[in-house]
Amino acid sequence: MTALLAITGLTLRTSTTTLVGNLNLTIAPGERLGLIGESGSGKSLTAMAATGLLPSSIKATGSITLAGQQIIGTPDHQLNHLRGTAVAVVFQEPLTALDPLMRIGRQIAEPLQRRAARDGNPLSGTALDQAILDLMADVALPDPQRIAHAYPHEISGGQRQRVAIAMALACRPDLLIADEPTTALDVTTQAEILRLLDSLVRQRNMALLFISHDLPVVAGIVDRVAVLRRGVIVETGPIAEIFARPQHDYTATLVAAAHAFDAALGAQP
Ligand SMILES: Nc1ncnc2c1ncn2[C@@H]1O[C@H](COP(=O)(O)OP(=O)(O)OP(=O)(O)O)[C@@H](O)[C@H]1O
């Protein structure tokens, strides 16, 4: 099957440092891949490179194709059509995705209208209002009438992340990139958002690139994991395989930490 995202020999450098070296990674349509690694290992930069959003101080070499389009070396304006159709991103901190001065309903409306216009079915009036409410229901936002009229600072962090997920879903992307989407949330909300992402991605048959420093967080959601350490993928394989037989020492420490975490949970009264 043709890969939806194919990264081959990706190297990311500043003028002085190599941040990511010779990285290879593929995601098939509908596949869920976890990109795991410690802080600073290059996970976010890899995701930014995949969407063509690297800062200008970082130079990319190698090849990245997304939905058949080469990303590296392609001018930004030629990539805009991919963002919000082929790919959408949910970030760690939902406030980065939200305009502080715009009501939530309006913010959800924008990607809905953009996608509808691209599909040749412009959306407005009561049909748009209904689509906003449907999407809010999909991400289990309570009290939709109030929240649609609220500003981002008037809702909770977990609700803001649900809004950010709703905005990403409004794009109906082939690939959803979730970059540590639960790290900023408390443990209970974290679990709820993970369940939500899991079920939405499955229902819509989207591919998922789930970035995390935490193996247990991704274990229940992804099919396959790539383990990144200091800018290099040290191991990749099906999640069950990685847990059962980690090949690299670093992966083994991640798996041991995950088992210790499970044991601690099991020991709770
Ligand atoms: N604009 C930049 N210029 C130079 N170096 C950068 C830039 N952005 C990130 N880096 C460096 O590149 C490395 C990888 O960063 P990246 O944000 O991809 O890590 P990460 O694995 O996503 O970490 P975290 O889990 O903390 O988000 C880090 O050492 C970081 O300091």
Side-chain angles (χ1 to χ4, degrees), residues 5-27 32-64 66 71-73 76 79 83 87-98 157 160-161 164-165 168 175-187 189-190 193-194 197 208-219 221-222 224-236 239 242 246 248-255 257-258 261:
L5 176 70
I7 303 182
T8 316
L10 176 68
T11 297
L12 303 177
R13 288 189 190 89
T14 63
S15 54
T16 55
T17 321
T18 297
L19 301 170
V20 167
N22 194 27
L23 182 142
N24 298 300
L25 201 128
T26 59
I27 301 183
R32 297 181 297 275
L33 177 80
L35 184 58
I36 307 297
E38 63 202 351
S39 180
S41 54
K43 307 181 297 292
S44 295
L45 285 182
T46 302
M48 282 155 102
T51 52
L53 289 173
L54 280 176
S56 57
S57 58
I58 298 181
K59 292 285 164 267
T61 53
S63 166
I64 300 176
L66 175 62
I71 303 289
I72 294 180
D76 199 50
L79 296 177
R83 302 187 194 119
V87 64
V89 187
V90 175
F91 293 101
Q92 177 174 329
E93 174 42 74
L95 283 178
T96 55
L98 301 178
R160 283 196 284 263
Q161 196 56 297
I165 293 170
L175 172 66
L176 181 69
I177 298 180
D179 189 351
E180 308 241 15
T182 62
T183 308
L185 305 172
D186 67 68
V187 175
T189 314
Q190 226 178 56
I193 296 284
L194 285 174
L197 267 176
L208 176 69
L209 174 60
F210 195 113
I211 294 176
S212 179
H213 58 269
D214 207 354
L215 191 56
V217 162
V218 300
I221 295 189
V222 300
R224 219 155 45 86
V225 199
V227 180
L228 192 62
R229 186 169 197 228
R230 297 183 190 151
V232 174
I233 289 192
V234 293
E235 184 160 357
T236 170
I239 184 83
I242 293 275
H248 192 280
D249 287 350
Y250 177 60
T251 317
T253 61
L254 292 179
V255 170
F261 180 77

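We count ligands from 1, going down the list as the structure has it; atoms in each ligand are counted the same way. Just so we're clear, the structure is a prediction, and the values are computed from it rather than from any experiment. Worth knowing before you read on, the calculation uses all heavy atoms, side chains too, and leaves out hydrogens, waters and symmetry mates.
- Residue I58 touches ligand 1 through its side chain alone, judged by heavy-atom distances below 4.0 Å.
- Nearest to atom 21 (O) of ligand 1 among the protein's heavy atoms is K43 NZ, 2.9 Å.
- Remark: ligand 1 and T46 share no N or O pair separated by less than 3.5 Å (distance only, no angle test).
- A donor-acceptor pair is defined here as one N or O able to donate and one able to accept, closer than 3.5 Å; such a pair exists between the side chain of T14 and the backbone of T16.
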Derivation of the salt bridge (Lys or Arg N to Asp or Glu O under 4.0 Å) call for R83 and D76:
CA-CA 11 Å; R83 302 187 194 119; D76 199 50; 2.7 Å; yes
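- Within ligand 1, counting atoms from 1 as listed, the ones closer than 4.0 Å to a heavy atom of T14 are 4 (C).
- We find the OG1-CD1 distance between T251 and I242 to be 5.5 Å, quoted to the nearest 0.5 Å.
- Using a 4.0 Å cut-off between heavy atoms, E38 contacts ligand 1 through its backbone alone, with no side-chain atom that close.
- Residue contact annotation: S41 has a non-hydrogen atom under 4.0 Å from ligand 1.
- In terms of protein heavy-atom proximity, atom 26 (O) of ligand 1 is nearest to S39 OG, 2.6 Å.
- Atom 31 (O) of ligand 1 is never approached by the protein to below 4.0 angstrom, counting heavy atoms only.
- Nearest heavy atom pair, residue V222 against residue I239, reads O-CG2, 3.5 Å.
- Closest to atom 23 (O) of ligand 1, if we only count protein heavy atoms, is G40 N, 2.8 Å.
- Geometrically, ligand 1 and P55 share no nitrogen or oxygen pair separated by less than 3.5 Å.
- Contact of the E235 side chain with the Y250 side chain is not registered, since no non-hydrogen atoms from C-beta on lie closer than 4.5 Å.
- With a 4.0 Å heavy-atom cut-off, ligand 1 is reached by the side chain of L19 but not by its N, CA, C or O.
- Distance from atom 8 (N) of ligand 1 to its nearest protein heavy atom, with residue and atom name: L45 CD2, 3.9 Å.
- L25 is listed as a side-chain neighbour of L35, based on a closest heavy-atom distance under 4.5 Å.
- Looking at every heavy atom in both residues, S44 comes nearest to D179 through OG-OD2, 2.8 Å.
- One N or O on the side chain of Q161 and one on the backbone of F91 form a donor-acceptor pair closer than 3.5 Å.
- Proximity of N24 to I233: side-chain heavy atoms (C-beta onward) are nowhere separated by under 4.5 Å.
- Those atoms of ligand 1 that come under 4.0 Å of a heavy atom in E180, given as number and element, are 25 (O).
- In terms of polar-atom proximity, S44 is counted as a contact of ligand 1, with an N or O under 3.5 Å from an N or O of the ligand.
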